[in-house]
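Just so we're on the same page: letters track the sequence lines, and every chain starts at 1.
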Amino acid sequence: MGRGTAAVTSELYERTGPDLRRISLNPDFWYPVAWSHKIKPGKAFATRFAGEPIVIVRPDNGAPIYALEDRCAHRQVPLSKGTVDGDVVRCCYHGWSFDRKGSCVTVPYLNKPGVGRGVKTYPCHERSGLVFIFPGDPELAKTVPVPIPCQADNPEFKTRHFDPLVNCHYSFMHENLMDMNHQFLHRKQMGQITARFMGQSKGENFVEASYSFARKGGDQPLAERLIFGRHDKTIDIKDQPVDEIVTIRTTYPYQTLQIRDKDGDLVMDLWVAYVPLGKDETATQSYGLLSVKRPKWKFLLDLAWPVLGIFTNRIFMEDKEIVEMEQQAWRDLGGDHNVEVFPVVRNLRELLIRSGVPLPTER
Amino acid sequence: MGRGTAAVTSELYERTGPDLRRISLNPDFWYPVAWSHKIKPGKAFATRFAGEPIVIVRPDNGAPIYALEDRCAHRQVPLSKGTVDGDVVRCCYHGWSFDRKGSCVTVPYLNKPGVGRGVKTYPCHERSGLVFIFPGDPELAKTVPVPIPCQADNPEFKTRHFDPLVNCHYSFMHENLMDMNHQFLHRKQMGQITARFMGQSKGENFVEASYSFARKGGDQPLAERLIFGRHDKTIDIKDQPVDEIVTIRTTYPYQTLQIRDKDGDLVMDLWVAYVPLGKDETATQSYGLLSVKRPKWKFLLDLAWPVLGIFTNRIFMEDKEIVEMEQQAWRDLGGDHNVEVFPVVRNLRELLIRSGVPLPTER
Amino acid sequence: MGRGTAAVTSELYERTGPDLRRISLNPDFWYPVAWSHKIKPGKAFATRFAGEPIVIVRPDNGAPIYALEDRCAHRQVPLSKGTVDGDVVRCCYHGWSFDRKGSCVTVPYLNKPGVGRGVKTYPCHERSGLVFIFPGDPELAKTVPVPIPCQADNPEFKTRHFDPLVNCHYSFMHENLMDMNHQFLHRKQMGQITARFMGQSKGENFVEASYSFARKGGDQPLAERLIFGRHDKTIDIKDQPVDEIVTIRTTYPYQTLQIRDKDGDLVMDLWVAYVPLGKDETATQSYGLLSVKRPKWKFLLDLAWPVLGIFTNRIFMEDKEIVEMEQQAWRDLGGDHNVEVFPVVRNLRELLIRSGVPLPTER
């Protein structure tokens, strides 16, 4: 009775450093907070980063979008509930209006200028259908590049958007994708596929792992075949000729998954950013773009597109369920009890801890 | 980037005193906690004041109602779940019974008197269809007058009851009604109407502000016309002849809104009391009576009555949404960040702070 | 005004010892956590004791069931979401597998044994259709007997299972059943029945009370008549010939209710165990077995069985509502304010306090 005998030997895996689930994402990066097409001219859009409410305003006069703190300086109600007039956003309550510099332009019932306090602004940029903001020090925004999300702007690829909300800390999402040994979780969707670890590399701001895959039994699903190509027979993982290589990389704070065929050509490219919604960062809005190389007969991909969507969505739902269970266990236990044995994930955890910022202790 | 330039000049509006949202209503006043008609003879009615559960008992023998703490002295279950026998209320669990003095009269299975502890009582009074209790020091109840709610008992007026539950601190409700510069919020209901501030007054226990209104465009809604009379043309607010004057007054802890016509006669009289439900006073049960002067052709008012109800309700729903957003912003920010520029509201805030009682710090 | 006059004389009933609602059940007993028939061969079943997640595994090879902490040693997700292969349970995420000793047997993607940490085990036993675990010190499990639930294995009785979830501390359930003076609560189901206290006894680990019942008016419900036999006429409680005796006994931590007829023969036997679900023990999963003596014409009992189910369920729903109101009052008041006047319940409270374990103060 009591803990199993293996417990003693594995104590060396115990965590001693800070709790990864109490490490906040570093705000001094560009983060997506909306899809561009969701914000029409003359409209204000409410979004959020780590508990900070943000309004994205698209003027009706063709001027570029801008981002403000989504609280009126007067009584703190959301500016996103108001109206957009030309280049300014007007609060729905008493009609105070603010420009792209966050300055209060008018207080309609007081006939003197400069009477209202201004609101905070955020550097803001649109790229590849995403609206990015820079939540950290605005001075650093000029020096930090806006990311290029996968092949979204490459006509040789077809790109799919997705934006699942997952109720867990962003770090669980990074670990989930990086550790391809969790294919057992997807056994119903992907059959008896097994990942073979091919190697890793790491640097100041990244961790990368490569895998090949082999099927140990069962039929190959249609959607998988469309991406990976057809595997003619069930082969032993040790003896298999390497066809595709899957490379997962966390380049802080983003994550990518790329599949290259036997000639080394990119056939699939996934880019994901994880955006914390609340102050405690236990709810994560993902923004993902999945690019698939168009085959020679392009209509094939168009034909397979809906199937691919269903397939990736089912896999994603399994991942969402498991990472939310991890978050729940963290809550129940009052801290991180992970015992990691896979070196890639241990490197990833170190990267996320040293690149992030400790959460306030009040959590 | 950063805060707009107007921010610096307006820092002088920053709050330095206590947080108004942590000021509790003063219990040494009479507060409505039920409508009379809801409590039939022989019935007990559950209500609540600032977290204290209260049972109102109406005996089946014609005796006046009374109010007790709504917890049996034995095992603290609500007496309001029990039965009323003659003048006593009997707990539903083990059948202990209590009289209007809060004394335990019988413990059915123990044949000795005086065995059960008693429960707390509240001074209780019925007026104008409302049941009032005095939650503070019972000795003061005799010296504090029960309020007279507007024209509820005046046959020249027709009176409507309403009792919305709003999830915010009562102070947001006082500020909302007092500051008529928020007509922008109701632009869809009331058209392009603009308030013109006409003056204010204040005293030890009150703050009062008067406004006139002018229409800057759009059609005048039917219900508004029935109260205010017809405005024949769109007029500039500066040049308008003053027709009606709207006077809003907080006479602590109640609030009124009165409309007088050009002859100075009262045509509408609104009375509202705000009753906190929970201990933290962030949920408010309002009790309101709206009296409208009957016109010469009385059937006109009866005809318009349903429209008036819909109209006032729509306006109220907009107010409810905005004050609940204010409360949410207060929660998110962990305190009051209002930057008030309108002197009337600043006086009102001072009145509410000096008349109220600080909440326990545990909040 | 203020507290009723009886309040002063009853202050002597005030509680001075520890708060019974902050006393945890003693873990060094056997507690039921599942029905045997719910766990099929080759399946894992999730259950819980006082906040500890537990997985019950029934191997598909005919081996006995076993119980583990329901968290994988790797990333703490529930093992109960996984699969059972022969005698081991395999985590659904990365496929780690654990045996009945809690040892990690395989980490599929790492080719060295003993690499994974083990998980906690619980002593486990099946009896009378229930799965029992021993949540306390495993060494004591051998010395503490597994309880025999009423007449579940006696063919002369027909036994019904029930397992209501009640949102209150287990102590309210013990008090509710022990104090038969609460028949007023069930007046609609049972008519004007009155309990007559016949005596009590107590010992180191038990409290027992006996009652007889008399009907003061109304019709006798059908289901009651089937258990108690027919009462031909309404009789005064003082003068009644004693027919059945109802004996309620808490033998820590279990509770029983037995009915004996005028010859002293057992006709009904109820056994209940209360199992706390969360850490704070304010949600209780009951496991109950109700055995009714088969009459000479056995089909009579079969005929009445559904009616008996409805009858006991209605009574139970009233008890559930009232004990949950007691729990709510405890929360509102921040502690136990019970003023107990019935000696049996006072003895019961002392038993529960001295046999239990104080909850951690963080509650």
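At least one side-chain heavy atom of A:Arg90 sits less than 4.5 Å from a side-chain heavy atom of B:Phe184. Looking at heavy atoms from C-beta onward, A:Tyr93 lies in side-chain contact with B:Val323 at the 4.5 angstrom threshold.
If you take NE2 on B:His337 and CZ on A:Arg117, they are separated by 8.0 Å, rounding to the nearest 0.5 Å. Distance CD/B:Glu326 to SG/A:Cys72: 9.5 Å, rounded to 0.5 Å. B:Asp332 CG to A:Arg71 CZ: the interatomic distance, rounded to the nearest 0.5 Å, is 5.5 Å.
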- Task: Evaluate the side-chain contact (heavy atoms from CB on, under 4.5 Å) criterion for residues A:Arg75 and B:Asp179: first the C-alpha distance (whole Å), next the side-chain angles of each, then the deciding distance (0.1 Å), finally the verdict.
- Result: CA-CA 12 Å; A:Arg75 301 184 67 87; B:Asp179 189 348; 5.9 Å; no

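Sparse packing is recorded around NZ of A:Lys43, with 12 or fewer heavy atoms of other residues, nucleotides or ligands lying under 6.0 Å away. Within a 6.0 Å radius of CD1 in A:Ile148, no more than 12 heavy atoms belonging to other residues, nucleotides or ligands are found. The environment of A:Lys320 atom NZ is dense: over 12 non-hydrogen atoms of other residues, nucleotides or ligands sit within 6.0 angstrom. No more than 12 heavy atoms of other residues, nucleotides or ligands lie within 6.0 Å of CZ in B:Arg314, so this atom counts as exposed by the packing criterion.
Across B:Met325 and A:Pro78, no two heavy atoms sit closer than the pair SD-CD, 3.7 Å. The shortest non-hydrogen separation linking B:Ile322 to A:Cys92 is CD1-SG, 3.4 Å. Here the closest heavy-atom approach between residue B:Val339 and residue A:Trp96 is recorded as O-CH2, 4.0 Å.
With a threshold of 4.5 angstrom between heavy atoms, B:Asp319 does not approach chain A through any atom at all. Heavy-atom distances place the side chain of B:Glu321, and not its backbone, under 4.5 Å from chain A.
With no hydrogens or angles considered, no side-chain donor-acceptor pair links B:Gln183 and A:His94 at under 3.5 Å.
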